[in-house]
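The residues of the chain are indexed from 1 along the displayed sequence. Every number for a ligand or one of its atoms is a count from 1 in the order of the listing. Just so it is clear, the values below take in all heavy atoms, side chains as well, and ignore hydrogens, waters and symmetry mates.
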Amino acid sequence: MDKNSTAKIAFFDSGVGGLTVYKEVKKLLPNEDYLYFGDTVNMPYGEKTQEELIEIARKIFDFFAQRKVKAVVMACNTTSAMTYDVLKNDYDFKIYPIIQSVAKVISKLPIEHLGVFATPATINSHAYAREINKLNPSLKVTEISCPAWVRIVEENRLNQPQSLIQIKERVEEMLTHDPQKIVLGCTHYPYLKGIIKQFYPEENLIDPSKYFAEFIKEDLAANPNGSGSEHFYVSSNPENFMASSKLFCELTELPELVKL
Ligand code: DGL
């Protein structure tokens, strides 16, 4: 047995988005012990520069290193695209980036044309197209950024008419390219599935978190003694995090506020 396997698994994202991944991992590995950091003070990551994101990710990794975790799950496409290559060898624990971990499965889908919705930073990095085309150069990838979507989720504005307009606009733009499937390339976007499916068939939407959870389960040294404990941290506004997270996670207590 790996002597480190009893340590905790840590997750982070700019807010509640990473819970879409956390939920899937917890389903597959219910006995592990978990930490989750929602970096709400720095939300949205998708509008930050690479330098800013690297500085933020380092602080979060240092925070987790102090808590002696065995793995950090980048439950965030933006930091996977912008910081993973720079930071991947700097820490003792295992680091799981979402895009690089799911590209293999996505690249094998029996289709010719894939759409990707993601944050501006992820789209500008072309990380999805790059990682997928490394494995399958003939799969056409159309990438479209959706700048307003993360705030709709974090600010709990799913039911506002303006949100519907902003989402419809991006979906309609994607539809002019006619992709066979669309990846929700930001962990916040599964919260918006109920709206997106009004304009595009839900069965053709890909939420990579299930593939990501399977990848982590296969790769990780399992904890034989874990208790399924969880602890949530946020960098601002715990009450808001609790309210916005409801679709994916029923928190039993307020997340702990930490300033990094
Ligand atoms: N949920 C994150 C992602 O998957 C970041 C969203 C943001 O803060 O812009 O990219």
Undergrad: Taking the side chain from Lys8 and the backbone from Tyr34, do they hold a donor-acceptor pair closer than 3.5 Å?
TA: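 Side chain of Lys8 to backbone of Tyr34: no pair is present.
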Undergrad: Would Glu32 and Lys26 pass as an ion pair if we require N to O under 4.0 Å?
TA: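 A salt bridge is absent here (no side-chain N lies under 4.0 Å from a carboxylate O).
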Undergrad: Taking ring pair (Phe, Tyr, Trp, His ring centres under 6.0 Å) as the cut-off, I'd like each qualifying pair that reaches into residues 96-129, sequence neighbours left out, listed once.
TA: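 Qualifying pairs: Phe117-Trp149.
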Undergrad: Any idea which atoms of ligand 1 are less than 4.0 Å away from a heavy-atom of Gly46?
TA: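 Listed by number with element, the hits are 7 (C), 8 (O), 9 (O).
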Undergrad: Is any NZ, NE, NH1 or NH2 atom of the basic residue among Glu24 and Lys27 found under 4.0 Å from an Asp or Glu carboxylate oxygen of the other?
TA: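 Judged by the 4.0 Å cut-off on N to carboxylate O distance, Glu24 and Lys27 do form a salt bridge.
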Undergrad: At a 4.0 Å cut-off, with the gap strictly under it, does some heavy atom of Gly17 reach an atom of ligand 1?
TA: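 Gly17: no contact with ligand 1 (<4.0 Å).
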Undergrad: Which protein non-hydrogen atom lies closest to atom 7 (C) of ligand 1, naming both residue and atom, and how far is it?
TA: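 Residue, atom and distance for the closest contact: Tyr45 N, 3.2 Å.
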Undergrad: Starting from atom 2 (C) of ligand 1, find the nearest protein heavy-atom neighbour and note its residue, name and distance.
TA: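 Nearest neighbour among protein heavy atoms for atom 2 (C) of ligand 1, to 0.1 Å: Asp13 OD1, 3.0 Å.
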Undergrad: Considering the heavy atoms of Val150, write down every atom of ligand 1 situated less than 4.0 Å from one of them.
TA: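 Once the distances to Val150 are compared, the set is 6 (C), 7 (C), 8 (O), 9 (O).
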Undergrad: Looking only at N/O atoms, are His188 and ligand 1 under 3.5 Å apart anywhere?
TA: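 In this structure, His188 places an N or O atom under 3.5 Å from an N or O of ligand 1.
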Undergrad: Please determine whether a side-chain nitrogen of the Lys or Arg among Lys134 and Glu131 lies less than 4.0 Å from a carboxylate oxygen of the Asp or Glu.
TA: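 Yes, this pair counts.
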Undergrad: With a cut-off of 4.0 Å, which atoms of ligand 1 are near a heavy atom of Ser14?
TA: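 Those qualifying, in numeric order: 5 (C), 6 (C), 7 (C), 8 (O).
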Undergrad: Need the ligand 1 atom indices (1-based, order shown) with element for anything under 4.0 Å from a heavy-atom of Thr78.
TA: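 Within the 4.0 Å cut-off of Thr78, ligand 1 contributes 3 (C), 5 (C), 10 (O).
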Undergrad: Regarding Asp207 and Lys210, does a basic nitrogen lie under 4.0 Å from an acidic carboxylate oxygen?
TA: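 Lys210 and Asp207: not salt-bridged.
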Undergrad: Taking only distance into account, with no hydrogens and no angle test, what donor-acceptor pairs under 3.5 Å do side-chain atoms of residues 249-260 form with protein atoms, sequence neighbours excluded?
TA:
unit_1 : atom_1 : unit_2 : atom_2 : d
Glu256 : OE1    : His231 : NE2    : 2.7
Lys259 : NZ     : Ser235 : O      : 3.4

Undergrad: Measure from atom 4 (O) of ligand 1 to every heavy atom in Val153, Thr119, Leu184, Asn77 and give the option owning the shortest one.
TA: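 Among Val153, Thr119, Leu184, Asn77, the closest heavy atom to atom 4 (O) of ligand 1 belongs to Asn77.
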